[in-house]
There are 2 protein chains.
Amino acid sequence: MSRQRPGTPTLEEVAALAGVGRGTVSRVVNNAAGVRDSTRRAVQRAIAELGYVPNLAARSLAGHRADAVALVMTEPDWRLFGEPFFTEVVHAVGDALTDTPAQLLLTLVRSDTERRRFVEYARGGRVDGVLLMSVHAKDRLPDMLAEAGLPTVMLGRRSGEESVTYVDADNTGGARGAVRYLLDAGRSTIGAVTGPLDMYVAQCRLRGYREALESAGAAAGASLVVEASDFTEVSGHRAMTALLARHPELDAVLAASDTLAAGALNALRAAGRRVPQDVAVIGFDDFHPDRPTDPPLTTVRQPLQEIGRAMVRLLQEEMEESPVAWRHVILRTELVIRDSA
Amino acid sequence: MSRQRPGTPTLEEVAALAGVGRGTVSRVVNNAAGVRDSTRRAVQRAIAELGYVPNLAARSLAGHRADAVALVMTEPDWRLFGEPFFTEVVHAVGDALTDTPAQLLLTLVRSDTERRRFVEYARGGRVDGVLLMSVHAKDRLPDMLAEAGLPTVMLGRRSGEESVTYVDADNTGGARGAVRYLLDAGRSTIGAVTGPLDMYVAQCRLRGYREALESAGAAAGASLVVEASDFTEVSGHRAMTALLARHPELDAVLAASDTLAAGALNALRAAGRRVPQDVAVIGFDDFHPDRPTDPPLTTVRQPLQEIGRAMVRLLQEEMEESPVAWRHVILRTELVIRDSA
DNA sequence: CTGAAAGCGCTAACAC
DNA sequence: GTGTTAGCGCTTTCAG
């Protein structure tokens, strides 16, 4: 699709100008040890004079590495790409990669054409590894990548027996703890706004809700559970409205995400209910710690910065060791009391 | 940062298995003409059998092209990355690239470290060209890229005398037309919610507003203009609230973006004003044509799909011709009457 | 139509 | 410490 600008200086020209061999220039460029200081400076001067920039294709070819990592979002509904959750993941992974020479490449995979193109790109050696977010239960992309021998790490898993390396939070435990907290606080009618139940993460959070109720001897009536079609605020509003119509006596809600919780809050306020005195709402907060707390309610904190770090760490392990061993990390969640429930 | 998986089949092995020369395999892989059909099939069989995938680094090195295009967002406030406008741009550019062999790479540049890393990446030949969005007035990244001889196209411009190739919409004309329409509809007190005025796009839209009022002999009182700190819905709400406090008699508003307009609408409704009968609101709609119209009001349509296509087209021109000639495209906007104002 | 050969610019192993 | 050398896997003439 193009022609490269001509006349870019090469390693060889730098070496000639500095009066040294190519190997030495390579060492200087890569900050390798074992070069006399005076030599190093001479090379650096030549580099500056020529405006030399290493050719990354050549480096990849010779060095068998790309110094790039892809973060892929496979989401047919590309609008969701704008959701705060994804923004936060991008940010967290970006942070986790700062001390690394790797360039972070975001990629949107919306169709099979794009899926194919990306696999070729990745298998072609343009990235050292792939990070996946928002993988749906039936998506085969993780398998394609893993089978091709590419270091691959997913955020979340597709099912209870995920076969690709992943990092996840303890969703079941988090939900269980939140509901237990609500029960301890004396709440009796606790509803649930779940995420789409074709996603494992939503199933886990619902399971935690049920387990807590059951082990307390309380009933988890089916009518107390409403499934939102996605994790957006709008869906949360809609689900909460439906729930409230069925159960006006509701005095607490567990929402399956922070955005769903935000929507639920809006719906409650619109219905004239006082939050949290009248109805306690707990969501899962995926957000960055320095973010202003909105909604200012008790939440199950998902350690997204830690998840980012864990993903990068697992990826590096996969890149170093071979044959690739399957592994996973499940991070503990934490109940953060921001407001009396 | 890694080791590449071993044992990947090469062109040479494919050639050996198919009993042909490397050149022939290359031709087949690249769909080049001039290969006998039987030969082509034999090669394809060998490719399938070996599971051959071209090494993209080698291809780049030999072919002087990367088959990749970067779409960069330089935004210190990375949260804005989730705004619908950017989501739409990504989508539009993605669409414009589908008929091309190029992989789209999104990149977030949040700091100078990341800026430097990206420039090295781009200058290193990993992309054929760079598309920039959300460039702030003082950002030097476009110049760094352009000076390095990289095909570069910006969405919008940093000032009236932009020196880097860009695509923009006719913001001034669009705003002018919208206000003229409001005047023709009999509105008399027309306010403006502008974007941050350190961005050229916001200046243009404000200028259009002023021009229309002036040429109609109406006064554009300074108190009728409120500057929002960014283009988000929250800021629109805040600005509208301030505007309404100053001018309760307000009967129309031009908002500098669709999200600002959405925020303004919320504020108006919260204040008990009827929209659009009482107060007409016009925003700039950057959205995709098949998007449900929300807010369902008259808007200045920004042809984002066309902008995406134009950016890709200009980029291709820059990639083909050299030396790089500076150029730009300004697309016409269109007033879409969705509701009586 | 097809094979052979010359690099693309760099890294890494090996001598000196 | 530093220079030399042998590739990395592909595209692209150039013969035939």
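A, B, ... follow the sequence lines: proteins, then strands. Residue 1 opens every chain.
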Checking contacts here: which listed nucleotide ([options]) is nearest the side-chain heavy atoms of [X]?
X	options	answer
A:Ala62	D:dT11, D:dT2, C:dG9	C:dG9
B:Leu11	D:dC10, C:dC10, C:dC1	D:dC10
A:Ala58	D:dC10, C:dG9, C:dT11	C:dG9
B:Thr39	C:dC8, D:dC10, C:dT2	C:dT2

Any side-chain heavy atom of [X] sitting closer than 4.5 Å to one from [Y]?
X	Y	answer
B:Val130	B:Pro151	no
A:Glu120	A:Arg117	no
B:Glu88	B:Val93	no

Please report the distance, rounded to the nearest Å, between [atom1] in [X] and [atom2] in [N].
X	N	atom1	atom2	answer
B:Asn30	D:dT12	CG	C1'	11 Å
B:Glu12	C:dA5	CD	P	12 Å
B:Arg40	C:dT2	CZ	P	9 Å
A:Leu61	C:dG7	CG	P	17 Å
A:His64	C:dA12	NE2	P	8 Å
A:Arg65	C:dT11	CZ	P	7 Å

Does either side chain, that of A:Glu318 or that of A:Thr152, offer a donor lying less than 3.5 Å from an acceptor on the other one?
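No.
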Side-chain donor-acceptor pair under 3.5 Å between B:Arg157 and B:His328, yes or no?
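There is no such pair (donor and acceptor under 3.5 Å, judged by atom type) between the side chains of B:Arg157 and B:His328.
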Is the shortest side-chain N/O distance from [X] to OP1 or OP2 of [N] below 4.0 Å?
X	N	result
A:Arg59	C:dT11	yes
A:Ser60	D:dC8	no
A:Asn55	C:dC8	no
B:Thr24	C:dC1	no

Check: B:Phe81 ring centre within less than 6.0 Å of A:Phe81 ring centre
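Between A:Phe81 and B:Phe81, which both carry aromatic rings, the centre distance is below 6.0 Å.
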Check whether the side chain of A:Arg22 and the base of C:dT11 form a donor-acceptor pair under 3.5 Å.
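Answer yes: a donor N or O sits under 3.5 Å from an acceptor.
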Does any donor-acceptor pair link the side chain of A:Arg27 with the base of D:dG3 at a separation under 3.5 Å?
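Flag set: donor-acceptor pair detected.
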Any base atoms under 4.0 Å from A:Val29, or only sugar-phosphate, or nothing? Heavy atoms, all strands.
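Contact class for A:Val29: none.
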Could you check whether B:Ser26 gets within reach of a base, just the sugar-phosphate, or nothing at all, counting any heavy atom under 4.0 Å?
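Result for B:Ser26 = base.
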Where each residue is assigned the nucleotide of DNA chain D containing its nearest heavy atom, which of A:Ala33 and B:Val53 is assigned the position nearer the 5′ end?
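The residue whose closest nucleotide sits nearer the 5' end is A:Ala33.
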Reading DNA chain C from 5' onward, which residue's closest nucleotide shows up sooner: A:Pro54 or B:Ser38?
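The residue mapped nearer the 5' terminus is B:Ser38.
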Do the charged groups of B:Arg327 and B:Glu317 touch, with an N to O distance under 4.0 Å?
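Looking at B:Arg327 and B:Glu317, the cut-off is met.
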Salt bridge between B:Arg41 and B:Asp37, side-chain N to carboxylate O under 4.0 Å?
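Counted as a salt bridge, because a side-chain N and a carboxylate O are separated by less than 4.0 Å.
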Which of residues 41-52 of chain B have a heavy atom under 4.0 Å from DNA chain C?
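Nucleic-acid contacts, sorted: none.
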